[in-house]
Amino acid sequence: MIKADQIVPYSALYIDMQYRHLFNTLWSYLKPIDQDKYIQQIEEVWLGGLKNQKILVTLCVRASTDLVLQALNWPPGSEVIITGINIPDMVQVLRLNGLIPVPIEVDPHTLGCTLDQFKKFYTEKTKGIMISYVFGAKFDASEIIDWAKSKGLFIMEDEAESFSAPNAKLNPNVDFSTFSFGSIKTCSAFGGSISVIRNNEALYRKMKAIQETYPKWSQRNYFKRTLKNLIPMILLNSRTINRSSRWIFINFFPNWDYKEFVVNSIRGFQKNPDDILQTYRFRVPDPMLVMLALRMKTFDTDQFNMSISRQLVGQSILKKGGLLVPGHAVEDRKFWLYPVVVQDPETTYKVLNSRGIDAYMGVTQLDIVESPIGSSYQYPNSTLSYFKNILYLPIHQNADLKSIQRICKEVVEVVEMLKSQHPKL
């Protein structure tokens, strides 16, 4: 039986939401709001008066990507070169819009791609590129963006996992950047996406016109999602409750997969089986928009950066222990989740959990983007070789420095122990 004081009181997931945010938006369920007023508040925080950029608030990143693809209306069979790690739903959005996503390898050290790879897969069918920054590691893509601009390609940035501040400096040559504020994202609003459209008023107007034909996602749905997220929020965010509940689960309900329960509770949408795109074709409900505006206005950049400093200490410990932390080589490293590559993730997971460290393997829907069928396409095998060995550590914004140091030192110790027991690892 594990003792309570052996349990590190953090989990691999963390819900970046405060109870005061929930209380301060309750009124929006009771009376209708002027949505334009709250969109303007978001624009003031994000754009700071810039005239060549427009903001579009949507239900999720999949919805915003679907909107921009509808507005662009590329010929069926057009190709989009994309980074080789993403969630399957994003790939499906591209395919259901008649496009062929062409994945390229993702370097484990930067979680980025090279210009040569984009050039290699560029053909007369290529209409655009989509650069996805995963695990919070925003690699320097300026060279790729400049090249794509010179070719007349439409440039999309999937920043669902790389939000660091509402007024963060973005590359002015990118046509479309989209950010997620889902349940487990940084600055969570329990849903919603903010997209920036640059230097293209006509495209913005097309997207807005399409969006205005959508019905509103019901307030009831958003309220149900909020209630579903409350239980994981209570379990994950409170150190006392996290430690005591896990002590009970581990010692008295060892066969119950409480982690799967938590993950299932915070999944975003139940898909429409008849038409998956219709799942996302809704406008934002009033309470979600009020929450987004509140989160943008109250985001504490200093506190966020202090948490990053603590997480970087853990990364140094893991690197010194000979472990690969995907994205470690990015200059301005931020974190969304905390991945580390180990030779035997399943055994490492079991040993760490037996020591009270709540590591996890299936915390995200991220996966390898499979290449299209055909001899001219290549499967991202190099990316798969490390991605399949990723383990997620219980390190996030809320974790204190002492716990981060303990977690990372124990990970190094466990990996070394397993190597000595199984030299072929």
Phe223 atom CZ, over 12 foreign heavy atoms within 6.0 Å: no
Aromatic ring pairing Phe253/Phe249, orientation class (parallel under 30°, perpendicular over 60°, tilted between): perpendicular
Pair Asp275 + Arg281, salt bridge at N-O below 4.0 Å: no
Exercise: do Asp36 and Gln40 side chains pair donor with acceptor under 3.5 Å: no
Aromatic Tyr222 / basic Arg220 pairing, under 6.0 angstrom, 45° off normal: no
Glu370, CD: over 12 other non-hydrogen atoms inside 6.0 angstrom: no
Verdict with reasoning, Phe163 to Trp336, per ring-ring contact (aromatic ring centres under 6.0 Å, His included): CA-CA 9 Å; Phe163 175 81; Trp336 178 75; over 10 Å; no
Pair Asn97-Gln70, side-chain donor/acceptor within less than 3.5 Å: no
Short side-chain donor-acceptor distance under 3.5 Å, Gln378 and Lys120: yes
Ile404 to Gln311 - nearest heavy-atom pair and separation: CD1-N, 4.2 Å
Which atom of Ile131 lies closest to which atom of Ile144, heavy atoms considered: CD1-CG2, 4.2 Å
Separation of Asn237 CG from Ile15 CD1 (nearest 0.5 Å): 6.0 Å
Verdict with supporting geometry, Tyr338 and His396, ring-ring contact (aromatic ring centres under 6.0 Å, His included): CA-CA 7 Å; Tyr338 207 94; His396 45 67; 9.7 Å; no
Heavy atoms of other groups near Ile231 CD1, more than 12 under 6.0 Å: no
Crowding at CZ, Arg205 (>12 non-hydrogen neighbours, <6.0 Å): no
Any residue meeting salt bridge (Lys or Arg N to Asp or Glu O under 4.0 Å) with Lys185, in chain and number order, not counting sequence neighbours: none
Audit row: Glu346, Met361, side-chain contact (heavy atoms from CB on, under 4.5 Å) steps and yes/no: CA-CA 8 Å; Glu346 190 168 345; Met361 293 189 294; 4.3 Å; yes
Side-chain donor-acceptor pair present, Asp116, Thr114, cut-off under 3.5 Å: no
Ser177 and Arg198: side chain donor to acceptor below 3.5 Å: yes
Derivation of the salt bridge (Lys or Arg N to Asp or Glu O under 4.0 Å) call for Arg246 and Asp358: CA-CA 9 Å; Arg246 282 172 50 216; Asp358 203 28; 3.8 Å; yes
Arg62/Asp89 salt bridge by N-O under 4.0 Å criterion: yes
Donor on one side chain, acceptor on other, Asn242 and Tyr14, under 3.5 Å: no
Pair Ser180-Ser193, side-chain donor/acceptor within less than 3.5 Å: no
Residues Asn229 and Thr226: side-chain donor-acceptor under 3.5 angstrom: no
Whether over 12 other heavy atoms sit under 6.0 Å from Glu201 CD: yes
Glu212/Arg283 salt bridge by N-O under 4.0 Å criterion: no
Parallel, tilted or perpendicular: ring planes of Phe135 versus Tyr392, cut at 30 and 60 degrees: tilted
Check: Asp158/Asn86 side-chain N/O donor and acceptor closer than 3.5 Å: yes
Taking every non-hydrogen atom, the tightest pair across Val106 and Tyr386: O-OH, 2.8 Å
Residue pair Thr83 / Val369: nearest heavy atoms and the distance that separates them: O-CG2, 3.9 Å
Pro326 to Val340 - nearest heavy-atom pair and separation: CD-CA, 4.1 Å
Parallel, tilted or perpendicular, as decided by the 30° and 60° cut-offs, for the rings of Trp27 and Tyr38: tilted
Straight-line distance of Thr58 OG1 to Met288 CE, nearest 0.5 Å: 9.5 Å
Nearest heavy atoms of Leu56 and Gln211, plus distance in Å: CD1-OE1, 3.6 Å
Side-chain donor-acceptor pair present, Glu161, Tyr133, cut-off under 3.5 Å: no
Presence of salt bridge, Lys31 and Asp286, under 4.0 angstrom: no
Stepwise ring-ring contact (aromatic ring centres under 6.0 Å, His included) test for Trp46 and Phe179: CA-CA 12 Å; Trp46 275 71; Phe179 297 80; 4.9 Å; yes
Heavy atoms of other groups near Glu260 CD, more than 12 under 6.0 Å: yes
Donor-acceptor pair between Asn353 and Lys259 side chains, under 3.5 angstrom: yes
Over 12 non-hydrogen atoms of neighbours within 6.0 angstrom of NZ in Lys216: yes
